[in-house]
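Predicted, not measured: the structure shown is a model, and the values here were computed from it. Below, chain A is the first sequence line, B the second, and so on; all start at residue 1.
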2 protein chains.
Amino acid sequence: MALGTEYDRQGCYLARALEVVGERWTLLIVRDCFYGVRRFSDLRAHLDISRAVLSARLDTLLDAGVLTRDDSGGHPEYLLTEAGRALWPVIYTLSKWGEHHTSGSHPTRIFSHAACGTDLDDHGDCPTCGHAPDPGELIVRPGPGHNPMRRSDRVARALEQPHHLLTPLDTRESAPERASRS
Amino acid sequence: MALGTEYDRQGCYLARALEVVGERWTLLIVRDCFYGVRRFSDLRAHLDISRAVLSARLDTLLDAGVLTRDDSGGHPEYLLTEAGRALWPVIYTLSKWGEHHTSGSHPTRIFSHAACGTDLDDHGDCPTCGHAPDPGELIVRPGPGHNPMRRSDRVARALEQPHHLLTPLDTRESAPERASRS
DNA sequence: CATATTTGGTCTGGTGAACAGACCAAATTG
DNA sequence: CAATTTGGTCTGTTCACCAGACCAAATATG
């Protein structure tokens, strides 16, 4: 935020957190970063967000130290910092709340602990190991509520396969007409 | 949200949750409800939010089933429903994130488990009891980072004393000149 | 290598939301 | 009963968001 009206004088750190991640789109962008989305165009393809706003949000997240920008290879890549990865519990609990307390509720995505294969509980803990794994130790896969018709961009398609969080997501289409047909 | 552009086609329930609690001010209002704030004027006094926007947010939260409105006694009171109380982990983890990952970080408020007196850890668990207490079993009190100068409205003053979450907060001033002086 | 396309943005104009503040009826206080 | 508080609604103005035009650099294609 930092723009317009600052509601940071609230004594509570909740307000501070909301200044960083409380704006429209911001948490969805961060969630996509957990999924391994790293590039501007992929974020746009998955979120249907205007270029100007995406650019502004990325700048805010860079300033806040939630993301870093890696310009080493051709097109820039946006990566979560440690502060960004610390947002995982927020995203997970909010997502679970949405699952339980909004209409219709079959999970669209399921998270499991890579080390033991167990699905996480509602608190984000691994029931087998008895603690909350770091997001980098998790695997996402589509759940029973998943409806592939809902979104059909390249990021959504890539996420139809189980994927290790925080590892880069391959959004290059698998060339349906050219390869494997010859 | 439901207004303007719906970003509910995201396959993820995170987007659904954000439609309800992702708008400006909404989570701060819900947090105040946990603190025991129940009335329109008290929310306004504590949050410095415009009347029109507070009114709109309360309507959204009522529609979403996060709050109920009790008109039984004179002025209306807004109370958290079960769905609303289920937002506690979201508020706690987001607040903790703000505490650790924004500048300056001494907790402004500390939460402890009423049953055993132990302070909660960063996950919202009671270290003594080994699980996360319901918010109704918690006590808030000012922490070392608390700066009473920052806000001096009647709600902030009432919260300078330890207070049981979800129980009504008494915001009537303690009449500094009239009582206890005679 | 020349050209076409994709990528990663910036910069408009138009529209909807937030803000400060006026206004008002009902409830409460004195 | 009069004054004040409460719980709103209704302005006009400012600000954020959106769609879409535009553009330079990087990449892909012939």
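Counting only distance, with no hydrogens or angles, the side chain of Tyr13(B) and the backbone of His106(A) share a donor-acceptor pair below 3.5 Å. The backbone N or O of Ala156(A) lies less than 3.5 Å from a partner atom in the side chain of Asp153(A), making a donor-acceptor pair. Side-chain N or O atoms of Arg51(A) include none that pairs as donor or acceptor with a backbone N or O of Arg44(A) at under 3.5 Å. Side chain of His164(A) to main chain of Gly136(A): a donor-acceptor pair is present (N/O by atom type, distance under 3.5 Å, no hydrogens or angles). Counting only distance, with no hydrogens or angles, the side chain of Thr81(A) and the backbone of Val66(A) share a donor-acceptor pair below 3.5 Å. Remark: side-chain polar atoms of His163(B) are paired, donor with acceptor, to backbone N or O of Tyr35(B) under 3.5 angstrom.
In this entry the distance linking CG of Leu18(B) with C1' of dC17(D) reads 16 Å, nearest Å. Atom CD1 of Ile49(B) and atom P of dG8(D) are 13 Å apart (whole Å). Spacing between atom CD of Glu77(A) and atom P of dA26(D) amounts to 15 Å, rounded to whole angstrom units. Separating the CG atom of Leu62(A) from the C1' atom of dG8(C) is a distance of 14 Å, rounded to the nearest angstrom. Atom CD of Glu23(B) is separated from atom P of dC15(D) by 20 Å (rounded to the nearest Å). Rounded to whole Å, atom P of dG20(D) lies 17 Å from atom CG of Leu54(A). At whole-Å resolution of the value, CZ in Arg44(B) and C1' in dG8(D) are 10 Å apart. When the C1' atom of dT10(C) is taken as reference, atom CZ of Arg57(A) falls 16 Å away, rounded to whole Å.
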Sub-3.5 Å pairs of nitrogen or oxygen atoms, protein against nucleotides 22-25 of chain D:
none

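The nucleotide whose nearest atom lies closest to any side-chain atom of Pro76(B) is, among dC18(D), dC19(C), dG8(D), dG8(D). Closest contact between the side chain of Ser55(A) and the listed nucleotides dC17(D), dT6(D), dT10(C) involves dT10(C).
Taking for each of Gly74(A) and Tyr78(B) the nucleotide of DNA chain D with the nearest heavy atom, the 5'-most of the two is the partner of Tyr78(B). Each of Arg69(B) and Val53(A) lies near DNA chain D, and the nucleotide nearest Arg69(B) is the one positioned closer to the 5' end.
Salt-bridge annotation for Lys96(B) and Glu99(B): present, with a side-chain N of the basic residue lying under 4.0 Å from a carboxylate O of the acidic one.
For the residue pair His100(B)/Asp122(B), the side-chain donor-acceptor check at 3.5 Å is satisfied.
Nucleic acid contact class of Ala52(B) (heavy atoms, under 4.0 Å, all strands): base.
Look at Trp25(B) and you'll find a side-chain N or O under 4.0 angstrom from OP1 or OP2 of dC19(C).
Legend: residues meeting ring pair (Phe, Tyr, Trp, His ring centres under 6.0 Å) with His101(B), ordered by chain and number and at least two apart, are Trp97(B).
Using a 4.0 Å cut-off on heavy atoms, the residues of residues 32-43 of chain B that approach DNA chain D are Arg39(B), Phe40(B), Ser41(B), listed by number.
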